[in-house]
Protein chains: 2
Amino acid sequence: MIPVDKLIHGRPYEETNEGPRFRPCVPNGVLARLGDKWTILVMSHLAVASGHRLRFSALKNGIEGITQRMLTLTVRNLERDGLLVRHYFPEVPPRVEYELTEMGASMLPALEGFTSWIRENWPEIAKTRAAYDEAQQ
Amino acid sequence: MIPVDKLIHGRPYEETNEGPRFRPCVPNGVLARLGDKWTILVMSHLAVASGHRLRFSALKNGIEGITQRMLTLTVRNLERDGLLVRHYFPEVPPRVEYELTEMGASMLPALEGFTSWIRENWPEIAKTRAAYDEAQQ
DNA sequence: CAGTATCCCCCCAGATACTG
DNA sequence: CAGTATCTGGGGGGATACTG
């Protein structure tokens, strides 16, 4: 009998006297990665590129303000997670292309669902923020 | 004639000689907030609470490892964005309850869509990471 | 062209102490 | 009980210079 975590909305938790206690778990880490400064922009670019594929310079030129260093780190992390693959062509000068994997592409609908909620609700969020900040000072 | 941003997947961009250039925009900021260390855990707790409503101590006791300071900051930010409301009862000792707003509750399906994708794909992500790290050293 | 390699700064989160 | 106030360390991210 293998012990199985109890789940609420798919999230593991333990029972306590004062109710369920969630344990920090996977979704946070992945969401935090995707929510970082550049990852969504890289994914968006690849999402609309033909063949879900772009070279390094195209990403760099296409994303306003990103530095070479941060783009490198961002695509490395995405590659590490298996969301994209790196194609290296040993020419001179070298050429590198990044392409969404099947898993990377499978993430797009969920991402789109989330971002569309944000876009729909952004006006109200902005309004609420303004009112909140107004009330503070 | 009001100029309207061109959009790809709802995201504003500008045309350049080398293709579309996305501008950093709203979804990143909101996604970054939601993806931070504690926000999803707070939202999850309220999501399953009766009346989508819990008091400060219940959240604190229910979320393993969160400090008083970080819980305060997290609920403040959520309140500022209009995703929850703070109910203050001037008793002694004081009592404070946090409740999801209609907008806050409306976010749950999108969030669930995303986290379920993560849970489904987590095994492969973990496997890919392990293989990647293996290949590095 | 597509990266490393450094340096550095700022800010976030944790720890701790105090309060209405 | 539900917060603030303050200090501190570590890490993320920018700037810059160098390289196969």
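Every value quoted in this text rests on a predicted model; they were computed, and no experiment measured them.
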Among the nucleotides D:dA2, C:dC1, C:dT4, which one has an atom lying closest to any side-chain atom of B:Val96? D:dA2
Please state how far atom CD in B:Glu91 lies from atom C1' in D:dA2, giving the value in whole angstrom units. 12 Å
So for atom CD, which belongs to B:Gln136, do other residues, nucleotides or ligands contribute more than 12 heavy atoms lying within a distance under 6.0 Å? yes
Any salt bridge linking B:Glu112 with B:Arg119? Criterion: basic side-chain nitrogen under 4.0 Å from a carboxylate oxygen. yes
NZ of A:Lys60 versus P of C:dT4: gap in Å, rounded? 15 Å
Is any side-chain N of the basic residue among B:Glu79 and B:Arg86 closer than 4.0 Å to the acidic one's carboxylate O? no
Is the count of non-hydrogen atoms from other residues, nucleotides or ligands lying under 6.0 Å from A:Glu102 atom CD greater than 12? no
When rounded to whole Å, the CD to P distance for the pair A:Glu97 and C:dC1 reads 14 Å
In the 5'-to-3' direction, what one-character label does each nucleotide of nucleotides 5-20 of chain D receive under the scheme B = base within less than 4.0 Å of a protein heavy atom, S = sugar-phosphate only, - = no such atom? -B------BBB----B
Rounded to whole Å, how long is the line connecting atom CD of B:Glu79 with atom C1' of D:dA2? 14 Å
Got A:Trp38 and A:Leu71 here, is their nearest side-chain heavy-atom distance under 4.5 Å? no
Using a cut-off of less than 4.0 Å, is there contact between a side-chain N or O of B:Arg86 and OP1 or OP2 of D:dA2? no
At 4.0 Å (heavy atoms only), tell me whether B:Tyr98 reaches a base, stays on the sugar-phosphate, or touches nothing. sugar-phosphate
In plain terms, say whether A:Arg55 and A:Glu99 are close enough for a salt bridge, that is, a side-chain N and a carboxylate O under 4.0 Å apart. no
